[in-house]
Every structure is written in C-alpha cells, then in structure tokens.
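Computed from heavy atoms alone, side chains included, the values below leave out hydrogens, waters and symmetry copies. Starting from 1, each residue takes its place in the sequence as its number.
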Amino acid sequence: MNFIIHWNCLDTTPQAPHHIQYKQISSNLHLSWEAGYDGGRSQYFYIWYRLLHARKRAWYPVRVIPNNVTEFTLFDLQLEQTYELTLVAENEFGLGTFSPINLIRLNKTDDLTVDYLYESNQTNFSRPISPRNLQLSQSGSSLYIKWDHPNKIEPTAQIAHYVIQWRSMILFNNQQSQHSILVDYPTNSYVLKDVKQSKYIIQILAYSHSGTYSSPIE
C-alpha cells in the first residue's frame, strides 16, 4: 500500500502568496490574495510594484498593515500605464518567495472622485495626512531620521504607525536594495545603524488603524 504524506516545514521563511486578484478604483488598485504557508511564524506582506518600462527601474515596496491581512489598496497610480506587481511575505526568518509577476494595466476613468475616500463592502476607508519636515543627519555610520507629525490628524484616519522606507543607489543583482521599518505612533524619529557609504532615498509614510497610508515624504 502506498501513502502520500504532505507536510509543512517549521522555522522557514514564508511561501509565496497566490491567487492574486485586483480591482481598479479610480487611480487606485485594490488587491486581494491568498496567503502561503507562514513558515510556522507570524507573517506580514509587502507589495512590490513598478511601471513597466524598457529600462528596468527600481521596485517600489509598500508594507501591508495590519499583519496577516490579505487585501490592500495601492494609491496614486498613473492611469493608462502598465505596472509590474509581485507580492512577498516576511516573518522573523526573513523574506519568503515572491509571487509570479503580474502585469496590470490601469485604464482611463472619468471617476476621479475616489482619491482619498472610497466605499468598499459598506466600510469607509480614508487616508491619513502625510508627515512633515523630514530631517536627516549623519554621525559616523549612523543616520538619524526625524520628522514632524501632520499639522492636522483627521479623526477618521488617525495615525497608528509610521513606515520608514529606504533604498540605496548601490546595485545588487542589478537592483537597488530596498528596506523598511515600522514604528508606532507617536514615535517620530529613528536611527539607521551601520549605514554604508552611498546615496539613499528615504521616505516616510503614515498608516491609519485600517491600514491605509499617506502620500510619502521623501
């Protein structure tokens, strides 16, 4: 008698998300997916996307908040453009396997009222206001990052977290390195340690309790 046994290994990086679906809402893209095996640890997701272009450009990663959710909305995309998009999960052991790259074309739409507020499944989602006055200073191999809270915080989109995203101009496998860290509100500073000598692009995004995010300051 033959037996077929299936099992998942513990203490590994996550498997790739799969069954990715999307819906265009004005210049925004609402995504949903099914999670792969989490490797035996809590996982969270990143959406990586970039414009389809003859010359390959850097990927832009966006952290999905809260952890373990399997839907998210990307904002501020360009209409009549095609995007490359992939998802990856991360746990305490590191990044898992990326999903296959999807090509998504955003069509022209006359409904441009759905920009900072839209209705989905009878639940309102609004975006927090961007943080202000990003300040950087260097001491040795440490980079000190500080920013100001928005002048006004809307009750419907109160800030729960800030996400710091940075990438250096150093190429690895023909791609810029991409990193991010999440800090809880009202923290408004962070120190990057052991920073390599390079040019860096630093961005700060504010996230609401529902997981929507602001436009970045850079």
Side-chain angles (χ1 to χ4, degrees), residues 27-31 41-50 58-77 87-95 114-118 123-170 176-218:
S27 60
N28 312 315
L29 198 63
H30 185 74
L31 299 161
R41 294 291 190 273
S42 176
Q43 66 179 342
Y44 49 89
F45 300 97
Y46 285 95
I47 300 168
W48 289 47
Y49 68 97
R50 65 182 178 184
W59 289 94
Y60 184 80
V62 174
R63 170 76 179 265
V64 175
I65 299 175
N67 291 352
N68 295 314
V69 299
T70 56
E71 60 177 337
F72 195 74
T73 300
L74 289 177
F75 294 101
D76 304 328
L77 302 178
L87 275 81
V88 65
E90 185 171 17
N91 63 14
E92 64 181 85
F93 296 106
L95 283 177
V114 191
D115 189 9
Y116 279 79
L117 183 69
Y118 72 90
T123 302
N124 287 330
F125 292 86
S126 56
R127 297 179 68 183
I129 299 173
S130 300
R132 303 176 298 115
N133 300 330
L134 176 59
Q135 303 167 49
L136 305 175
S137 60
Q138 184 180 1
S139 177
S141 62
S142 296
L143 182 65
Y144 295 82
I145 304 174
K146 183 175 174 57
W147 61 93
D148 293 337
H149 303 303
N151 281 328
K152 181 181 179 182
I153 299 179
E154 299 290 345
T156 56
Q158 291 186 346
I159 297 173
H161 314 279
Y162 289 110
V163 169
I164 305 167
Q165 299 186 157
W166 70 96
R167 63 180 183 268
S168 75
M169 304 306 291
I170 298 174
Q176 294 171 308
S177 59
Q178 306 270 6
H179 305 277
S180 67
I181 189 73
L182 182 148
V183 296
D184 292 331
Y185 181 87
T187 300
N188 65 334
S189 63
Y190 193 79
V191 180
L192 295 181
K193 298 181 179 179
D194 300 322
V195 175
K196 307 297 182 184
Q197 290 295 321
S198 178
K199 293 182 179 180
Y200 286 86
I201 297 174
I202 312 288
Q203 294 179 321
I204 313 290
L205 301 90
Y207 277 72
S208 69
H209 290 274
S210 61
T212 59
Y213 61 97
S214 70
S215 297
I217 57 170
E218 180 173 296

Would you say [X] and [Y] make side-chain contact, with heavy atoms under 4.5 Å?
{"X": "Pro131", "Y": "Asp148", "value": "no"}
{"X": "Tyr200", "Y": "Leu136", "value": "no"}
{"X": "Arg132", "Y": "Asn151", "value": "yes"}
{"X": "Val88", "Y": "Glu90", "value": "no"}
{"X": "Ile201", "Y": "Glu218", "value": "yes"}

Atom pair [atom1] ([X]) and [atom2] ([Y]), whose distance is rounded to the nearest 0.5 Å:
{"X": "Ile164", "Y": "Ile204", "atom1": "CD1", "atom2": "CD1", "value": "4.5 Å"}
{"X": "Ile202", "Y": "Leu143", "atom1": "CD1", "atom2": "CG", "value": "5.5 Å"}
{"X": "Thr73", "Y": "Asn28", "atom1": "OG1", "atom2": "CG", "value": "7.0 Å"}

Among Arg50, Arg167, Gln203, which one satisfies side-chain hydrogen bond (donor to acceptor under 3.5 Å, both in side chains) with Tyr60?
Gln203
[X] (side chain) donor-acceptor with [Y] (main chain) under 3.5 angstrom:
{"X": "Gln158", "Y": "Ser208", "result": "no"}
{"X": "Gln138", "Y": "Gly140", "result": "yes"}
{"X": "Asn188", "Y": "Trp147", "result": "yes"}
{"X": "Thr212", "Y": "Ser126", "result": "yes"}
{"X": "Ser214", "Y": "Pro128", "result": "no"}
{"X": "Asp76", "Y": "Ser215", "result": "no"}
{"X": "Arg63", "Y": "Tyr46", "result": "no"}

Check Trp48, Phe45, Phe72 against Val62 for a side-chain contact (heavy atoms from CB on, under 4.5 Å) and give me the one that passes.
Phe72
Name the one of Val163, Ile159, Leu74 that satisfies side-chain contact (heavy atoms from CB on, under 4.5 Å) with Tyr213?
Leu74
For a quick test of reading the model, state the closest non-hydrogen atom pair linking [X] to [Y] and the distance between them.
{"X": "Gly211", "Y": "Tyr207", "result": "O-CD2, 3.7 Å"}
{"X": "Pro150", "Y": "Ser130", "result": "CG-O, 3.4 Å"}
{"X": "Asn67", "Y": "Gln43", "result": "CB-O, 4.0 Å"}

Is there a side chain to side chain contact (heavy atoms under 4.5 Å, CB included) between Ile181 and Trp166? Walk through the geometry before answering.
CA-CA 9 Å; Ile181 189 73; Trp166 70 96; 3.9 Å; yes
Could you go through the side chain to side chain contact (heavy atoms under 4.5 Å, CB included) check for Glu71 and Leu31 one step at a time?
CA-CA 5 Å; Glu71 60 177 337; Leu31 299 161; over 6 Å; no
If we count only N and O atoms by modelled type, under 3.5 Å, do the side chains of His149 and Tyr162 hold a donor and an acceptor together?
yes
Both conditions, 6.0 Å and 45 degrees, for the charged tip of Arg41 above the ring of Phe93: are they met here?
no
Please walk me through it: do Gln165 and Leu205 pass side chain to side chain contact (heavy atoms under 4.5 Å, CB included)?
CA-CA 8 Å; Gln165 299 186 157; Leu205 301 90; 3.8 Å; yes
Any chance you could lay out the side chain to side chain contact (heavy atoms under 4.5 Å, CB included) test for Val191 and Ile145, step after step, and finish with the verdict?
CA-CA 6 Å; Val191 180; Ile145 304 174; over 6 Å; no
